[in-house]
Amino acid sequence: EKFMEKVLIVDDDIVLQKFLEKRMKRHATKFETIHAYNGEEAIEILNQRYISLMVTDVVMPKLDGLALLTYIHNNYPQIQCIVMTGSRSQHVKKKLQNDNIFRLFHKPFHFDALTQAILQALDQDVPGGVLKGISVASFLQMIEMEEKTCLFEVKSPGKKGIFYFQEGILFDAAFGKLKGDEAALEIIGMKNAEISFKRAPMGKLNQNIKKPLTALIMEAMRRKDEASG
């Protein structure tokens, strides 16, 4: 599977990090872990790669977990966070009432519970549910205009396709055995489509789409006319 979920674990405790790395290897088919030892390192990683989920400690040098969570909230609101903390202070608790926080773990905690929470968070589709009643073509144009990076699934009875955009550029499409332009043309032509965002784990993917989006839409419309003509 080329879309691999990436979980960023941020904690200055090297022993804990090594232990988690080992523990999480059991789930290597579901997600890959990336490790940062303070908030500054974490921000560098967030700005360079796609992260599906972040697990962070609160008290860390250089930039603490609270500042990191604020940064995520302002810059990457789609990333959910799991927080690990040794602190039981009400002040910290209050600060942690943040939309992005999926679960809060007090140290010491059961590592299996953490793993379960990670799997559960990754399993959710992106909030916003399913879009219906919008044509695939106009939805694609909207993503292009908003310069979004996202992965979403387009379904219509008996058919299913996937689109991947990077900063508003259509990078790839998959439909059955088809990839790239041909897959995109098939998906754009789908009727009564339902569109749902997926939590897209994305490294740098190859750009398999060669034509600009407008050209693909025109071509798909022309094929539709021919088929019905």
Chemist: Would you call L46 and I72 a side-chain contact if the rule is heavy atoms closer than 4.5 Å?
Modeler: yes
Chemist: Taking K18 first and then D13, would you say they form a salt bridge - that is, a charged N and a carboxylate O separated by under 4.0 Å?
Modeler: no
Chemist: I'd like to know if E219 pairs up with R222 as an ion pair, taking the criterion as any Lys NZ or Arg NE/NH1/NH2 lying under 4.0 Å from an Asp or Glu carboxylate oxygen.
Modeler: yes
Chemist: So does G65 get a backbone contact from the side chain of T56, meaning a donor-acceptor N/O pair under 3.5 Å?
Modeler: no
Chemist: If you define the side chain from C-beta out and look only at heavy atoms, does anything of E186 sit under 4.5 Å from L178?
Modeler: yes
Chemist: Using only atom types and a distance under 3.5 Å, with no angle test, would you say the side chain of E144 pairs donor to acceptor with the backbone of L140?
Modeler: no
Chemist: Quick one: CG on L69 to CD1 on I79, what's the gap to the nearest 0.5 Å?
Modeler: 11.0 Å
Chemist: Give the minimum heavy-atom separation between K179 and A174, together with the two atoms involved.
Modeler: NZ-CB, 3.7 Å
Chemist: Could K6 and E32 be called an ion pair, given the rule that one side-chain N must be under 4.0 Å from one carboxylate O?
Modeler: yes
Chemist: Side chains of M54 and V10, heavy atoms from C-beta outward: is any pair under 4.5 Å?
Modeler: yes
Chemist: Can you tell me how far CE of M60 sits from CD of E40, rounded to the nearest 0.5 angstrom?
Modeler: 10.5 Å
Chemist: Could you check V55 against C81 for side-chain contact (heavy atoms from CB on, under 4.5 Å), going step by step and ending with a plain yes or no?
Modeler: CA-CA 6 Å; V55 180; C81 304; over 6 Å; no
Chemist: Taking atom CE of M218 as the centre, does the number of heavy atoms from other residues, nucleotides or ligands within less than 6.0 Å exceed 12?
Modeler: no
Chemist: Passes side-chain contact (heavy atoms from CB on, under 4.5 Å), I118 versus L53? Steps please.
Modeler: CA-CA 8 Å; I118 290 174; L53 174 78; 3.7 Å; yes
Chemist: Compare every heavy atom of K191 with every heavy atom of S156, then report the nearest pair and how far apart it is.
Modeler: CB-O, 3.1 Å
Chemist: Check the angle between the aromatic planes of H27 and F31 and answer parallel, tilted or perpendicular using the 30° and 60° thresholds.
Modeler: parallel
Chemist: From the options D57, I14, D11, select the one residue that forms a side chain to side chain contact (heavy atoms under 4.5 Å, CB included) with Y37.
Modeler: I14
Chemist: Show the nearest heavy-atom pair for residues G39 and L68, with the distance to one decimal.
Modeler: O-CD1, 4.0 Å
Chemist: Do other residues, nucleotides or ligands put more than 12 heavy atoms under 6.0 Å from K62 NZ?
Modeler: no
Chemist: If you look at every heavy atom in A184 and L216, which pair is closest and at what distance?
Modeler: CB-CD1, 4.2 Å
Chemist: Please walk me through it: do Y164 and F152 pass ring pair (Phe, Tyr, Trp, His ring centres under 6.0 Å)?
Modeler: CA-CA 7 Å; Y164 169 64; F152 56 90; 9.8 Å; no
Chemist: Is it true that a side-chain atom of E21 and a backbone atom of T33 form a donor plus acceptor pair closer than 3.5 Å?
Modeler: no
Chemist: May I ask you to decide whether E182 forms a salt bridge with R223, counting only side-chain N to carboxylate O separations under 4.0 Å?
Modeler: yes
Chemist: Check whether any side-chain heavy atom of L104 lies under 4.5 Å from a side-chain heavy atom of I82, and answer yes or no.
Modeler: no
Chemist: Might you point out which heavy atoms bring V154 and M190 nearest each other, and give the distance in Å?
Modeler: O-CE, 3.4 Å
Chemist: Report the C-alpha separation of H106 and T85 in whole Å, then their side-chain angles, then the decisive distance to 0.1 Å, and conclude whether the side-chain contact (heavy atoms from CB on, under 4.5 Å) test is met.
Modeler: CA-CA 5 Å; H106 287 287; T85 177; 3.8 Å; yes
Chemist: Run the side chain to side chain donor-acceptor pair (under 3.5 Å) check on D12 and N38 step by step: do they pass?
Modeler: CA-CA 6 Å; D12 58 329; N38 60 58; over 6 Å; no
Chemist: Checking the side chain of Q17 only, and the main-chain atoms of I9 only, is there a donor and an acceptor separated by less than 3.5 Å?
Modeler: yes
Chemist: How far does CZ of F111 sit from CE of M24, to the nearest 0.5 angstrom?
Modeler: 8.5 Å
Chemist: For the atom pair CG (L8) and CD1 (I51), what is the distance rounded to the nearest 0.5 Å?
Modeler: 5.0 Å
Chemist: Please report the interatomic distance CD(E147) to CD(Q166), rounded to the nearest 0.5 Å.
Modeler: 12.5 Å
Chemist: Nearest 0.5 Å please: distance from the CD1 atom of I209 over to the CD1 atom of I169.
Modeler: 12.0 Å
Chemist: Please check if atom CD in E226 has more than 12 non-hydrogen atoms from other residues, nucleotides or ligands closer than 6.0 Å.
Modeler: yes
Chemist: Taking it one step at a time, do F163 and F171 satisfy ring pair (Phe, Tyr, Trp, His ring centres under 6.0 Å)?
Modeler: CA-CA 8 Å; F163 277 119; F171 251 56; over 10 Å; no
Chemist: Could you tell me if the side chain of L114 sits less than 4.5 Å from the side chain of F109, heavy atoms only?
Modeler: yes
Chemist: When you look at H110 and F105, which way does the side-chain contact (heavy atoms from CB on, under 4.5 Å) test go after all the steps?
Modeler: CA-CA 9 Å; H110 273 293; F105 284 96; over 6 Å; no
Chemist: Which heavy atom in A67 sits nearest to a heavy atom in D64, and how many Å separate them?
Modeler: N-OD1, 2.9 Å
Chemist: Taking NZ, NE, NH1 and NH2 as the nitrogens, is one of them in E153 or K160 under 4.0 Å from a carboxylate oxygen of the other?
Modeler: yes
